[in-house]
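Bear in mind the structure is a predicted one, so any value in this text is a computation, not a measurement. Lettering follows sequence order; numbering is per chain, from 1.
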Amino acid sequence: MKKFSEKIIYWYQENKRDLPWRNTKDAYLIWLSEIILQQTRVEQGMAYYLKFAKEFPTVKHLAAADDEKVMKLWQGLGYYSRARNLHAAAKVISEKHKGKFPNEHSDILLLKGVGEYTAAAIASFAFNKVHAVVDGNVYRVLSRVFGIETPIDSTEGKKEFYKLANELIDKKNPALHNQAIMEFGAIQCKPVSPDCSVCPLNTMCFAYAKKRITELPIKAKKTKVRCRYFNYIVLHHKTLTALNKRGEGDIWNSLYDFPLIETNKELGEDQFLKSKDWKNFIDGAQYTVKSIPVSYKHILSHQKIYARFWEIECAKPFDKLLPETAVVIKTKELHQYAVPRLIDIYLESRK
DNA sequence: AACTCGGGGGG
DNA sequence: CCCCCAGAGTT
């Protein structure tokens, strides 16, 4: 009987997708692709990879780029700390490593934004080192084939799956093996309704034999969702608009939105208009509220945001009247700023 | 060990 | 509505 590794590698060679980051040995490009693909589907990350690779063909190009430009290119992809860490690490590689990407697993692991998975991916794909990758796909394949019921989001589970993955890896073809098992998980051993009848591993699969495909892998925690109510104050004065740069400790760090009043619960529209808080933004200046606010429900994996955009025409400039984090910009230059998807959708609707 | 960090797609 | 996706950093 053929071994696990041989079977998935054979399957991979017959079924693999043609993906751009598989056609290079450039550690920088492989790193770039791995950061973009963290918790992100290949189809969603593809356009961003092509954009970044074209705009920043080498790590030095990326290191030399402006922060705001990097964030703008990342706009819409989510998990924005990835972009900040990517940029910070590019500067380290460019300066401390003289532009040469580290080729040891332990050194790669020191880079900001690079954890166990990504270090193994880069070390194997770029330098053909024997380090097994364990991503969501690998957890699923291993738990099903070998019947592992340890929760994948536990410390114990992580150790157990890494141990098994490193026992199974083809030490002569670590890069090929790692690509194969992930692609196998993504395409054949899918999360929902995989076609096990055509699976090359169905004769050795625990979950298939026990009819427990839908139960594996096991995840212990469930993310709870928090509801938030955002009242955005979209201030205009002639050709000017006020933006707000978001900071640490909340979503969308280092992106821009508008000056904001957040409340614990839904307020009526008249109730909000009467409230004093937002008028601090304009310090009692004359203003005109343009019609009723535009409303959106923005769903994230861990937050539900009920947003309203109050468009206010202000009679005088608002330079010094805003929060510390605010910036006054020309409305026509708004498109240069990196904004959350929610703000982007609002702006698109205003065109 | 638990929490937080986005956005999109599929059943 | 739910779950998952080429996970990592912080507390």
Compile the donor-acceptor pairs under 3.5 Å between side chains in residues 99-117 of chain A and protein atoms, sequence neighbours left out, one pair per line.
from, atom 1, to, atom 2, distance (Å)
A/Glu104, OE2, A/Lys129, NZ, 3.0
A/Tyr117, OH, A/Glu34, OE1, 2.7

Q) Tell me: CG of A/Leu300 to P of B/dG7, nearest whole Å? A) 5 Å
Q | Any residue meeting side-chain hydrogen bond (donor to acceptor under 3.5 Å, both in side chains) with A/His61, in chain and number order, not counting sequence neighbours | A | A/Thr58
Q.
Listing request: all salt bridge (charged side-chain N to carboxylate O under 4.0 Å, His left out) pairs with a residue in residues 245-256 of chain A, at least two apart in sequence or in separate chains.
A. A/Glu68-A/Lys245, A/Arg228-A/Asp250, A/Arg246-A/Asp250, A/Arg246-A/Asp257
Q: Specify the separation, in whole Å, of atom CD1 of A/Ile251 and atom P of B/dC3.
A: 18 Å
Q: Can you check each nucleotide of nucleotides 3-11 of chain C against protein heavy atoms at under 4.0 Å and return B for base, S for sugar-phosphate only, - for none, in 5' to 3' order?
A: -BBBBSS--
Solution key, residues 328-336 of chain A side-chain donor-acceptor pairs under 3.5 Å, sequence neighbours excluded:
from, atom 1, to, atom 2, distance (Å)
A/Thr331, OG1, A/Thr239, O, 3.1
A/Thr331, OG1, A/Thr241, OG1, 2.4
A/His335, ND1, A/Lys332, O, 3.1

Q. Which value, in whole Å, describes the distance between the P atoms of nucleotides C/dT11 and B/dG6?
A. 15 Å
(Q) Applying ring-ring contact (aromatic ring centres under 6.0 Å, His included), can you list everything that pairs with A/Phe206, at least two apart in sequence or on another chain? (A) none
Q. If you check the A/His298 side chain, which of B/dG7, C/dC1, B/dG6 turns out closest?
A. B/dG7
Q. Of A/Glu156 and A/Asp250, whose nearest nucleotide on DNA chain B comes first from the 5' end?
A. A/Glu156
Q. A/Tyr49 and A/Trp21: aromatic ring centres closer than 6.0 Å?
A. yes
Q.
Could you work out, with side-chain hydrogen bond (donor to acceptor under 3.5 Å, both in side chains) as the rule, every residue matching A/Asp66, not counting sequence neighbours?
A. none
Q: Report yes if the distance between the aromatic ring centroids of A/Phe230 and A/Phe309 is under 6.0 Å, otherwise no.
A: no
Q. Name the stems with DNA chain B in them: runs of three or more consecutive Watson-Crick or G-U pairs, distances under 3.5 Å?
A. B:1-5 with C:7-11, B:7-11 with C:1-5
**Q.** Span that lies between the P atom of C/dA6 and that of B/dG11, in whole angstrom
**A.** 15 Å
Q: For A/Lys224, report the nucleic acid contact type (base, sugar-phosphate, nothing); a contact means any heavy atom under 4.0 Å.
A: sugar-phosphate
Q: For A/Tyr80 and B/dG8, give me the distance from atom OH to atom C1', rounded to whole Å.
A: 12 Å
Q: With sequence neighbours left out, write down each residue that passes salt bridge (Lys or Arg N to Asp or Glu O under 4.0 Å) with A/Glu348, or none if nothing qualifies.
A: A/Lys351
Q.
So if I take residues 70-78 of chain A and measure heavy-atom distances to DNA chain B, which residues fall below 4.0 Å?
A. A/Gly76, A/Leu77, A/Gly78
Q) Is A/Lys16 touching bases, backbone alone, or none of the nucleic acid, heavy atoms closer than 4.0 Å? A) nothing
Could you give the side-chain donor-acceptor pairs of residues 40-47 of chain A under 3.5 Å, partners two or more places apart or in another chain?
from, atom 1, to, atom 2, distance (Å)
A/Thr40, OG1, A/Ile36, O, 3.4
A/Thr40, OG1, A/Gln38, O, 2.8
A/Thr40, OG1, A/Arg82, NH1, 3.1

**Q.** Atom pair distance, as rounded to whole Å: CD1 in A/Ile305 and C1' in B/dT4
**A.** 13 Å
Q) OP1 or OP2 of B/dT4 less than 4.0 angstrom from a side-chain nitrogen or oxygen of A/His302, does that happen here? A) no
Q: Look at A/Arg82 and B/dC5 and indicate whether a side-chain polar atom (N or O) is within less than 4.0 Å of OP1 or OP2.
A: no
Residues 87-95 of chain A, side-chain donor-acceptor partners within the protein, below 3.5 Å, at least two apart:
from, atom 1, to, atom 2, distance (Å)
A/His87, ND1, A/Asp67, OD1, 3.2
A/His87, NE2, A/Leu62, O, 3.2
A/His87, NE2, A/Ala65, O, 3.1

